[in-house]
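A short write-up of the structure that comes next.
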Amino acid sequence: MIEKNVTLISAGTVQIIPEADLKKKLESGKRLNIKLGADPTAPDLHLGHAVVLSKLKQFQDLGHHVIFLIGDFTAHIGDPTGKSKTRPPLSLEQIKENTKTYFEQVGKILDVNKISVRFNADWLSKLNCQDLVRLCAHTTLARLIEREDFDNRMKNNQPIGFHELLYPLFQGYDSVELMADIELGGTDQTFNLLMGRFLQEQYCQAPQVVITMPLLIGLDGVHKMSKSLGNYIGLAESADQAYGKLMSMSDDLMWHYFEVLLGRTKDEISQMRERVVGGTLHPMELKKDMAQAIIIKFWSLEEAQKAREAFTALFQQKDYSKAQEVGLPSSLANPIWIVELLKTLGAVTSSSEARRLIDGKAVHVDESLITDFKAEVAWKSGMIIKVGKHRIYKIS
């Protein structure tokens, strides 16, 4: 049974540090403390977060104690991971608002009645100056600037805020406070996760096992999934929207989603590739299967079936009666700047995202291509707005 559980937990991971300790912890028979931290930096979780949450669900199903840590204190700092410059701190109001939406979205994957939710402000805000000095004394500046993003910024003569150096220490101290046995995170969190293991040893605790999960590549096929880049699929989006976005990805990117989100083995993917190359499996139908499987996993079977049917009717049969209908308020300006129209429809969240779509010739209004970022549109009931390959809106 232990070997079976080790195999289950290991599947789909990038690293388990150290692997031998994972087996020992599982063999102990103890109900392990499994930690996952999230800073409420944005109100929406996306499929990139679902990769780690799905692994957390496996621990939950095995009966272990899942701790979902909200970094309400560390969100004031902003984890610099992957950032080329200091990230602006969030206000208390932003943190509270973003935190509210997390639980509803996490519930799509985890049993929220079987998790402990903790907030690191409960202990980090109580550290006095003496406590902070003692914490900092456990490591060195040389160790902290080993982080790849810090190292890159130093090489490029970009500033590093002193407060940013504290972030890994605070995240590591969270593991001490929670007495974590295992901590999960994306590969971009490896340094911080290992800091937790290191600090636990300094505080005479058994060090946690670090498990890193792959980063999900966003819909652009280049960068990791990120709301700020507009290449994401939000867990709070409708199944129809998510299905359409999944269908918009390239055929090459599809294999990555089969592996990372659906857990298909390399052998299974290789067999599917061979069938596509051999002409016995059409990539469009395979992508539909992939999109449907993901919607089933993170939404529901019923929503997945309806989303597939709606997609086929809308994009293959050109039945615009199946388009997502959006009612616009009569007080809305008419004509209106195309960017404001896209925002009102919920097609984009920022002007920069709208510009990328317009520059990429991906926005049509009643079959007319929009090429001018400053264009104004006279909207009316029944108007069809196409955004990208697989998002169609009908003004009701």
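Just the heavy atoms: all of them, side chains too, but no hydrogens, waters or symmetry mates, feed the values below.
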### Message
Under 6.0 Å from the ring centre and within 45 degrees of the ring axis: does the NZ or CZ of R264 meet both conditions for the six-membered ring of F258?
### Response
no
The reported gap from CE in M290 to CD1 in I295 (rounded to nearest 0.5 angstrom) is 9.0 Å
Task: Full working for side-chain contact (heavy atoms from CB on, under 4.5 Å) between L193 and Q171 - done: CA-CA 8 Å; L193 303 179; Q171 183 172 330; 3.7 Å; yes
Original post:
Same cluster or not: are M383 and V348 linked, directly or through other Ile, Leu, Val, Met, Phe, Trp or Tyr residues, by side-chain heavy atoms under 4.5 angstrom apart?
Top reply: yes
### Task
Would you check if the side chain of Q205 reaches a backbone N or O of V176 as a donor-acceptor pair within less than 3.5 Å?
yes
- Message: One thing to verify: whether K24 and E27 come together as a salt bridge, which I'm taking to mean a side-chain N less than 4.0 angstrom from a carboxylate O.
- Response: no
Query raised in the report: Does Q200 use its side chain to pair, donor to acceptor, with the backbone of A180 at less than 3.5 Å?
Result: yes
For the pair S270 (side chain) and D267 (backbone), establish whether a donor and an acceptor sit closer than 3.5 Å, ignoring hydrogens and angles. no
What I'd like to find out is whether the side chain of D188 reaches to under 4.5 Å of the side chain of K224, using heavy atoms alone. yes
Main chain of G244, side chain of R391: is a donor-acceptor contact present, judged purely on distance under 3.5 Å? no
Any E237 side-chain heavy atom under 4.5 Å of Y232 side chain = yes
Open item on the list: Counting neighbours of NZ on K306 that are heavy atoms of other residues, nucleotides or ligands and sit closer than 6.0 Å, is the number greater than 12?
Closed with: no
Do M247 and M284 have side-chain heavy atoms sitting under 4.5 Å apart?
yes
Value for CG (D174) from NZ (K35), rounded to nearest 0.5 Å, stands at 4.5 Å
When you group the ILVMFWY residues by side-chain heavy-atom contacts below 4.5 Å and let the links chain together, are F119 and V66 in the same group? yes
| request: Check whether the side chains of E183 and Q189 place a donor and an acceptor atom closer than 3.5 Å, and report yes or no. | output: no
In the single-linkage hydrophobic clustering (I, L, V, M, F, W, Y; side-chain heavy atoms under 4.5 Å), do L369 and V365 co-cluster?
-> no
*Is the count of non-hydrogen atoms from other residues, nucleotides or ligands lying under 6.0 Å from K108 atom NZ greater than 12?*
yes
*side-chain contact (heavy atoms from CB on, under 4.5 Å) between C136 and L169: does it pass, once the steps are laid out?*
CA-CA 7 Å; C136 292; L169 285 170; 4.1 Å; yes
Is the shortest side-chain heavy-atom distance between E164 and R153 below 4.5 Å? yes
| task | Give a yes or no on whether the backbone of R275 and the side-chain of T280 come within a donor-acceptor separation of less than 3.5 Å. | result | yes
If we only count heavy atoms from C-beta on, is the P168 to R143 side-chain gap below 4.5 Å?
-> no
inquiry  = Under 4.5 Å between side-chain heavy atoms, counting indirect links through other Ile/Leu/Val/Met/Phe/Trp/Tyr residues: same cluster for L8 and L262 or not?
reply    = yes
### Query
Between R308 and D289, is there a side-chain N and carboxylate O pair less than 4.0 Å apart?
yes
Does a side-chain heavy-atom distance below 4.5 Å link H46 with I233? no
Derivation of the side-chain contact (heavy atoms from CB on, under 4.5 Å) call for K25 and V209: CA-CA 9 Å; K25 287 182 181 291; V209 170; 3.6 Å; yes
Does T187 use its side chain to pair, donor to acceptor, with the backbone of T212 at less than 3.5 Å?
-> no
L342 and Y393: side-chain contact (heavy atoms from CB on, under 4.5 Å), yes or no, with the steps?
CA-CA 10 Å; L342 293 177; Y393 304 86; over 6 Å; no
Quiz item: So, the side chain of D366 versus the backbone of I384: is there a donor-acceptor pair under 3.5 Å, distance only?
Solution: yes
So CD of E274 and CD1 of I269: to nearest 0.5 Å the spacing works out to 12.5 Å
d(L69 CG, I115 CD1) to nearest 0.5 Å is 11.5 Å
Item to check | Cluster overlap I9 with V210, hydrophobic side-chain contacts below 4.5 Å | outcome: no
Quick one: are V112 and F68 in side-chain contact, heavy atoms under 4.5 Å?
no
* Asked: Can D220 and R356 be counted as an ion pair, charged N to O under 4.0 angstrom?
  -> no
Margin query: Looking at S396, is its backbone amide N or carbonyl O close enough to the side chain of E325 to form a donor-acceptor pair, meaning the two atoms are under 3.5 Å apart?
Written below: no
| said: Whether the K55 and T13 side chains hold a donor-acceptor pair (N or O, under 3.5 Å, no angle test) is what I'd like checked. | reply: no
Only one of N120, N192, L127 passes side-chain contact (heavy atoms from CB on, under 4.5 Å) with F170, and that residue is L127
Rounded to the nearest 0.5 angstrom, the CH2-CG distance for W379 and L341 is 9.0 Å
Task: Test item: D251 and K287 side chains (from C-beta on) under 4.5 Å apart, heavy atoms - done: yes
Between the NZ atom in K394 and the CG atom in L345, the distance rounded to the nearest 0.5 Å is 14.0 Å
*asked:* Determine whether the aromatic ring centres of residues Y203 and H138 are separated by less than 6.0 angstrom.
replied: yes
Would you check if the side chain of D181 reaches a backbone N or O of N33 as a donor-acceptor pair within less than 3.5 Å? yes
Would E177 and K126 pass as an ion pair if we require N to O under 4.0 Å? no
Review point. Taking E268 for the side chain and T265 for the main chain, is one N or O donor matched with an acceptor at less than 3.5 Å?
Key: yes
Of all heavy-atom pairs linking S248 and L219, the shortest is OG-CD1, 4.5 Å
